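Numbers here are sequence positions counted from 1. All figures in this text were calculated on a predicted structure; none of them were measured in a lab. We count ligands from 1, going down the list as the structure has it; atoms in each ligand are counted the same way.
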Amino acid sequence: MKPRLIRKDVYWLGAVDWNRRLFDCLIPLPDGTSYNAYLVRGSQGTALLDAVDPSMTSILMRQLAEVERIDYLVSQHAEQDHSGAIPAVLNRYPEAVLVCTPKAKPMLLEHLDVPPERIKTVEDGETISLGDKTLRFVHTPWVHWPETMCTHLPEDRILFSCDFFGSHLATTDLCAGGEPYVCEAAKRYYAEIMMPFRKIIQSNMKKVRACDFDLLAPSHGPIYDNPECILSAYDDWSSDRVSNLVVLPYISMHGSTEIMVDCLVAALAERGVKVQKFELSGADIGKLAMALVDAATIVIGTPTVHVGAHPSVYAATHLVNALRPKLKYAAIIGSYGWGTKAVEQLSGLIPNLKVEVLGTVLCKGLPREDTLAAIEALADTIRAKHALIEGTPS
Ligand code: FEO
């Protein structure tokens, strides 16, 4: 794709990666992604904001073919999907200064082949003048690594945000407009990448909202030409508000745990509690992460394998702990053959979750009447806890 004009003398560059299906060998990308870079031409200088994934370097270099000079290459984030092409850009433009936060400098030197003398670090609030345009740097740590920053272009009322507010979405749409599919993709992205830093995001949101802009240009996915839509979504997702929702990841090897899970789903539904059930041998973990964005409760369903939880449940529980969702309540259910330490094992995997444990229901072999009664009682407990949540039907 050729450079696309977004404001006078400001261009989108970058690569749309339609075929990528996995990020970090972990995160599913059902809709691909993009690596956006931006060219800002001032009356006295030109800046390139971010580069692209190393696999897409040739695309960026072709887009720069007619750009004779770059004075500043701004690295807003050192992760390779935005920095991988930096060495190629620096080689092509020997006058270019690589601009980054002080925390980013050692990271760029560790991850890339970059001469240290080419790097200029900028403090929070510092500016670089390009003549009739100004780059103002806003440090926004932990979106997504500790060194990340945004760049404000006040004359054109644009905020460039790199990973912050991004979406893994391959599309020919330059701008999001009011498209619901963009918000859906942004929520998936928030869940998978931003959610662990929810508290820091709340403080970064204040810094972002203090900037005057009407275009929000991330380095993944479309540009927001109605930024309030994604800003209010982030306010909501990162808030302490939870919804009347139970997330239920589980595995069942021989059907007994599934009977318990189905009993609980039905009992909760009868009580007006919404449930999202994820059978982990085939679940999209991105959807599981999305459900965790505002769920009040997690119930983990596991059979026992060699005394412990099923390995797929173990891995999913570890992931939930790493994502640090704002869950308030948790429970574990499942069936075992002759002995189990699954509850002790899973409980030890979730130190990051500040949850009240509502109980466990375990049974040996097939669930009988007493087990199903215990499941109904667990549903009563969950319903009573959720009754305290705003918006739950009484
Ligand atoms: Fe898009 Fe944290 O890299």
Side-chain angles (χ1 to χ4, degrees), residues 12-38 48-57 59-60 73-89 98-101 103-112 114 137-151 159-171 176 182 185-198 200-201 204-205 208 216-224 230 234 237-238 285-286 289 319 322-324:
W12 171 92
L13 278 69
V16 179
D17 198 341
W18 296 90
N19 298 334
R20 190 163 179 177
R21 287 292 170 266
L22 205 57
F23 201 89
D24 292 343
C25 286
L26 173 68
I27 296 167
L29 302 180
D31 304 309
T33 190
S34 69
Y35 319 105
N36 306 331
Y38 298 95
L48 178 67
L49 276 59
D50 286 334
V52 295
D53 190 83
S55 62
M56 302 276 165
T57 300
I59 293 174
L60 178 66
L73 170 52
V74 178
S75 173
Q76 302 184 106
H77 178 20
E79 192 166 9
Q80 289 83 344
D81 53 326
H82 310 288
S83 67
I86 283 176
V89 176
L98 180 58
V99 177
C100 63
T101 64
K103 279 190 181 159
K105 181 174 178 179
M107 298 173 88
L108 289 169
L109 293 173
E110 283 152 9
H111 290 293
L112 303 172
V114 175
F137 304 103
V138 183
H139 289 196
T140 46
W142 293 107
V143 290
H144 140 234
W145 284 2
E147 87 300 358
T148 40
M149 69 174 176
C150 297
T151 306
L159 187 77
F160 301 95
S161 61
C162 199
D163 271 358
F164 205 9
F165 308 113
S167 59
H168 282 311
L169 201 53
T171 171
V182 179
K187 184 173 187 181
R188 173 187 275 265
Y189 178 99
Y190 169 87
E192 294 164 335
I193 293 165
M194 296 287 156
M195 188 157 63
F197 314 112
R198 189 171 69 84
I200 303 175
I201 283 174
N204 281 331
M205 287 299 294
V208 163
L216 181 52
S219 296
H220 292 294
I223 294 168
Y224 298 98
I230 187 72
Y234 261 67
W237 298 335
S238 64
I285 59 164
L319 178 66
L323 291 175
R324 296 174 181 263

Return the name of the atom in Asp81, of element N, O or S, nearest to atom 1 (Fe) of ligand 1.
-> OD2
So does His77 have any N/O/S atom less than 2.8 Å away from atom 2 (Fe) of ligand 1?
-> yes
Do you see a donor-acceptor pair shorter than 3.5 Å between the side chains of Asp163 and Tyr189?
-> yes
Taking the six-membered ring for Trp and the single ring otherwise, decide whether the centroids of Trp145 and His82 are under 6.0 Å apart.
-> no
Quick one: report the N, O or S atom of Glu79 that is nearest to atom 2 (Fe) of ligand 1.
-> OE1
Ring geometry between His77 and His144 (parallel below 30°, tilted from 30 to 60°, perpendicular above 60°) | perpendicular
Say you draw a straight line from CD1 of Ile27 to CD1 of Ile193; how long is it, rounded to the nearest 0.5 Å?
-> 4.5 Å
Between Phe23 and His220, how do the two ring planes meet: parallel, tilted or perpendicular, split at 30° and 60°?
-> perpendicular
Residue His144 atom name (nearest to atom 2 (Fe) of ligand 1; N/O/S) = ND1
Has Asp163 got an N/O/S atom less than 2.8 Å from atom 2 (Fe) of ligand 1?
-> yes
Backbone or side chain, does His82 get an N/O/S atom under 2.8 Å to atom 2 (Fe) of ligand 1?
-> no
